[in-house]
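We number each residue from 1, following the sequence as shown.
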Amino acid sequence: MDIETLLSFDWGAMMPEFIILGVATLLSLLDLFLKKEFDRRYLGWIGFAGILVAIGFLVGTFESVGAGQPKVTSILHETFRLDSFAQSFKLLLLIGSALVMLMAISYEPKEGIKTYRGEFYYLFLTALLGTMFMASSGDLITLFIGLELLSLSSYILAGIRKYHGPSNESAMKYVINGAIATAITLFGMSYVFGLTGTTNLLEMQQILMQAYATELQHMLLIGFIMMFVGLSFKLATVPFHMWAPDVYEGAPTPVAAFLGVVSKAAGFVIVLRIFVTLFIMTPAEGGETSMFLSLQEFLAIIAVASMVIGNVVALRQRNVKRMLAYSSIGHAGYILVAVTTLNFLYMFDAIWFYLLAYLFMSIGAFAVVQIVTTKYGTEDVSVFAGLYRRSPALAVIMSIFLLSLAGIPGTAGFIAKVNIFISAISEPSNAYVLASVLIATTVVSYVYYFGIMTQMFFRPTADEEKVDIPVPMWIVLVIGVIGTVILGIMPNIALDFFHNYFNILYDFFLPGQ
């Protein structure tokens, strides 16, 4: 590829990625040359500012759907695409990462992290960069590069508390499970590549839609299952969830929030990008139905198992981070319901809205957990006993997040689950069993969510000392509460924004310009 060809590409499509890459590089150099006495928290503020600038450039690429056909920008021979799908989910990834960065700035465990605080920030940005590449990738190679950039950074972040045994244990378990997931994912990709002779998703789609592709259904089925199993580790769906509770418990709280929200969202991004392009739109025998329809039972079983096991096992947890880990497994099952039903009228906006709502309420809950557990040095649920006496504002804020996670009306979590429910029961899906399981497991989740509220408001406390909340954490909590309440009361603000700027169903399969 010559210089003239390189200059002909519209590199502005990658400006948010260039910003994150540049800031990560800057932070690594500053951390290397600054004196040890320098407060590395300032590096975190630089990283936070970089994320905000990237959000600004991303929003600048939005074009109203009503203004005409949405423009799909692709460079490097369709390996990088800036379409509505990428724009909408990158926005979630950047907002979630900005909030987690604020949590990281305030994070101060008992043993201290001064000697490696700087490393945290630029490793975090490289993980974010990986998720952004996953959202825009139009090729299996770039998808895999983004996935591994996210994974390798996450392994280090999980074990970055070098002198903390559980953190080291969580990193080891995460690496082992991640390596297995990577191998399985590559195995599945190799099947699809072998059948098509290309790694480009749109080219694969055209080849698989040819008549002779219907004779290779069994090979495609193997490729689908292998890729989905490998990516299910990233989603932490049952039975590929075994790493999540231990990693969430041992990892630093900001990392647990990142894994539970941003990394999980990136997992659904790659699942949608690959499977909607390659399998859902590939005709089966006779060209009448999608091959995906024959796999719906497989996905439905995983969705049901995730909802049931995630919520039921959470009932037995005393460690609050393990409880939130099993809660996230249940939420992954809820989102998978929308993927399984394949209702194009509701699927994309239901998943996007759910991830947006989950972003605010889950990161907010982790922020409260970080404040309380850091102060008292324990993660047992009893640490919340009498929190209303020690910090009424913090107890009320945590209650809002818990009510939203439980799906109580008036919160973002309720609207998000209603959207998934409608997607399940509407034509042509009619997945009434999945919808029933969603409702039943939501009711089960009330027990452990309300159990924390019982601790905060109705249990005595032996310590009357007030809980101090750092300024960055106040920012996270206020944004989380505003997002949770506004999306619960006026969800049309987000949904109208989504429908006005993102026409995913149209340009998801449109060749780039």
Less than 3.5 Å apart, any donor N or O on the side chain of Y388 or R459 sitting next to an acceptor on the other?
no
Do the side chains of D246 and R322 get close enough for a salt bridge, i.e. N-O under 4.0 angstrom?
yes
Taking only Lys NZ, Arg NE, NH1 and NH2, and the carboxylate oxygens of Asp or Glu, determine whether E108 and R41 approach each other closer than 4.0 Å.
yes
Any side-chain heavy-atom pair of M398 and V369 under 4.5 Å:
yes
Between K234 (side chain) and G267 (backbone), is there a donor-acceptor pair under 3.5 Å?
no
Hey, is CZ on R316 packed in by over 12 heavy atoms from elsewhere, all under 6.0 Å?
no
Are F258 and F124 an aromatic pair by the rule of ring centers under 6.0 Å?
yes
Neighbour count >12 (heavy atoms, 6.0 Å) for atom CE, M172
no
Would you say the side-chain atoms of S153 pair up with the backbone N or O of L150, donor to acceptor, closer than 3.5 Å?
no
Charged N-O contact under 4.0 Å between E249 and K321
no
Counting only heavy atoms not in Y42, do more than 12 sit closer than 6.0 Å to its OH atom?
no
Would L231 and F275 count as a side-chain contact (heavy atoms from CB on, under 4.5 Å) here? Give the steps.
CA-CA 11 Å; L231 295 173; F275 297 125; 4.2 Å; yes
Once rounded to the nearest 0.5 Å, what's the spacing between atom CG of L91 and atom CG of L94?
7.0 Å
Only residue of Y326, Y449, Y334, Y446 satisfying side chain to side chain donor-acceptor pair (under 3.5 Å) with N311 is Y334
Within a radius of less than 6.0 Å around CZ of F57, do more than 12 heavy atoms belonging to other residues, nucleotides or ligands occur?
no
Side-chain donor or acceptor of S391 paired with backbone N/O of L387 under 3.5 Å:
no
Run the side-chain contact (heavy atoms from CB on, under 4.5 Å) test against V175 and tell me which residues pass, sequence neighbours left out.
Y155
